Amino acid sequence: MRRSRLLYVPFWATIVFLYAPIAVVVAMSFNSGKSAYTYEGFSLKWYGVLAQDQRVLDGLLNTLIVAAGSTVIATVLGTLLAVGMARHTRSRALDAVALLPAVLPDLVLAIGLLLFYGLIQLTLGLYSVILAHGVFAMAFVAAVVRTRLANTDTSLEEASRDLGAGPVTTFMKVTLPQLAPGILAGAMLAFTLSLDEFVIAFFTIGNLQQTLPIVIYSMIRFGVTPEINALGAILLLVSFTAVIAGQRMTKIGEARAQD
């Protein structure tokens, strides 16, 4: 019994190590003082200051544009990629290549995309970040949708084809409704990844515009302030909400598949 309890020590130590800094950031965002390290009392004033910072608001707008655009691209291409790999072309080598952006270091992918943009002489801007984030998130969407595909009933698709429906009709009216929870979960994951992504955006956005993570990076070079803590707390809430919603969608899909 004593040995089994000792096994919980490294587990809880890891949990504290991972989440204690996040808890500190959230707690210090409600600090009434200007110091990011000394708590002087509860206050919401830094959230008000944050709402009036035009640079932060512009960065937030750019981030939402990039996240929305890349989510659409990643969801459409990732879904088609998952269906193609699961239903039509089954190859471990192809699977590895298709999912490579998910395992490549962000720095390597960012440099590769920057070199590719230079090769085709594409001017950098928000659209270049949208394309880059779409490629990056597409692999994650494909992985989520393919997991959902493994739990679908292929006999329904076969029955649809036997009754005279074409491939497109079968996909739109039979396959797609079954994949809907997985697609939504993948889309939420793609949105969250784009919302928080820094390295790829930093290399592919150019000098005229900035996403919110880049704005945060430029702000913390002069020290962490309660305003940055407030911004971090908001981003944390958005990310947690999207991830939990995505997991919920996946569980709903699995429950329906079992029924």
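These numbers come from a predicted model, not from an experiment.
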In Å and rounded to the nearest 0.5 Å, what is the [atom1] to [atom2] distance from [X] to [Y]?
{"X": "M138", "Y": "L81", "atom1": "CE", "atom2": "CG", "answer": "6.0 Å"}
{"X": "Q52", "Y": "E227", "atom1": "CD", "atom2": "CD", "answer": "10.0 Å"}
{"X": "F198", "Y": "I205", "atom1": "CZ", "atom2": "CD1", "answer": "10.5 Å"}
{"X": "R55", "Y": "I216", "atom1": "CZ", "atom2": "CD1", "answer": "10.5 Å"}
{"X": "L126", "Y": "L131", "atom1": "CG", "atom2": "CG", "answer": "11.0 Å"}
{"X": "S194", "Y": "I65", "atom1": "OG", "atom2": "CD1", "answer": "11.5 Å"}

Do [X] and [Y] have side chains that get closer than 4.5 Å, going by heavy atoms?
{"X": "V66", "Y": "Y127", "value": "no"}
{"X": "L212", "Y": "L61", "value": "no"}
{"X": "S43", "Y": "N31", "value": "no"}
{"X": "V56", "Y": "M219", "value": "yes"}
{"X": "S29", "Y": "W46", "value": "no"}

According to a 4.5 Å side-chain heavy-atom criterion applied to Ile, Leu, Val, Met, Phe, Trp and Tyr, with indirect links allowed, do [X] and [Y] form part of one hydrophobic cluster?
{"X": "V144", "Y": "V103", "value": "no"}
{"X": "L237", "Y": "L235", "value": "no"}
{"X": "V49", "Y": "I234", "value": "no"}
{"X": "V199", "Y": "V135", "value": "no"}
{"X": "F11", "Y": "L18", "value": "yes"}

task: Could you pull out the closest heavy-atom pair between V215 and G59, with the gap in Å?
output: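 The answer is CG2-CA, 4.2 Å.
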field: Heavy-atom closest pair, residues N62 and Q210
entry: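 What the structure gives for the nearest pair is ND2-O, 2.9 Å.
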task: Give a yes or no on whether Y47 atom OH has more than 12 heavy-atom contacts from other residues, nucleotides or ligands under 6.0 Å away.
output: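 More than 12 within 6.0 Å, yes.
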Does [Y] offer a backbone N or O that forms a donor-acceptor pair with the side chain of [X] under 3.5 Å?
{"X": "Q209", "Y": "T211", "value": "no"}
{"X": "Q54", "Y": "L57", "value": "no"}
{"X": "R146", "Y": "T79", "value": "no"}
{"X": "T75", "Y": "V72", "value": "no"}

task: State which residue, out of V141, V76, V145, fulfils the side chain to side chain contact (heavy atoms under 4.5 Å, CB included) condition with I183.
output: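 The single option meeting the side chain to side chain contact (heavy atoms under 4.5 Å, CB included) with I183 is V145.
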Result block: side-chain N/O donor-acceptor pairs under 3.5 angstrom for residues 104-120, not counting sequence neighbours:
from, atom 1, to, atom 2, distance (Å)
Y117, OH, S128, O, 2.7
Y117, OH, A132, N, 3.4

field: Stepwise side chain to side chain contact (heavy atoms under 4.5 Å, CB included) test for V25 and I228
entry: CA-CA 9 Å; V25 169; I228 297 177; over 6 Å; no
- request: I would like to know whether F17 and T14 meet side chain to side chain contact (heavy atoms under 4.5 Å, CB included); could you show each step before the answer?
  value: CA-CA 5 Å; F17 178 78; T14 303; 5.6 Å; no
task: Can you run down the ring pair (Phe, Tyr, Trp, His ring centres under 6.0 Å) pairs that involve residues 223-242, sequence neighbours left out, and say none if there aren't any?
output: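 Sorted result for residues 223-242: empty, none.
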message: If only side-chain N and O atoms count, and only distance matters, is there a donor-acceptor pair under 3.5 Å linking H133 with S70?
response: no
F42 and S32: CA distance, side-chain angles, deciding distance, side chain to side chain contact (heavy atoms under 4.5 Å, CB included) verdict: CA-CA 6 Å; F42 181 85; S32 60; over 6 Å; no
query: For L193 and F140, what are the C-alpha separation, side-chain angles and deciding distance, and is it a side chain to side chain contact (heavy atoms under 4.5 Å, CB included)?
result: CA-CA 9 Å; L193 290 172; F140 292 92; 3.6 Å; yes
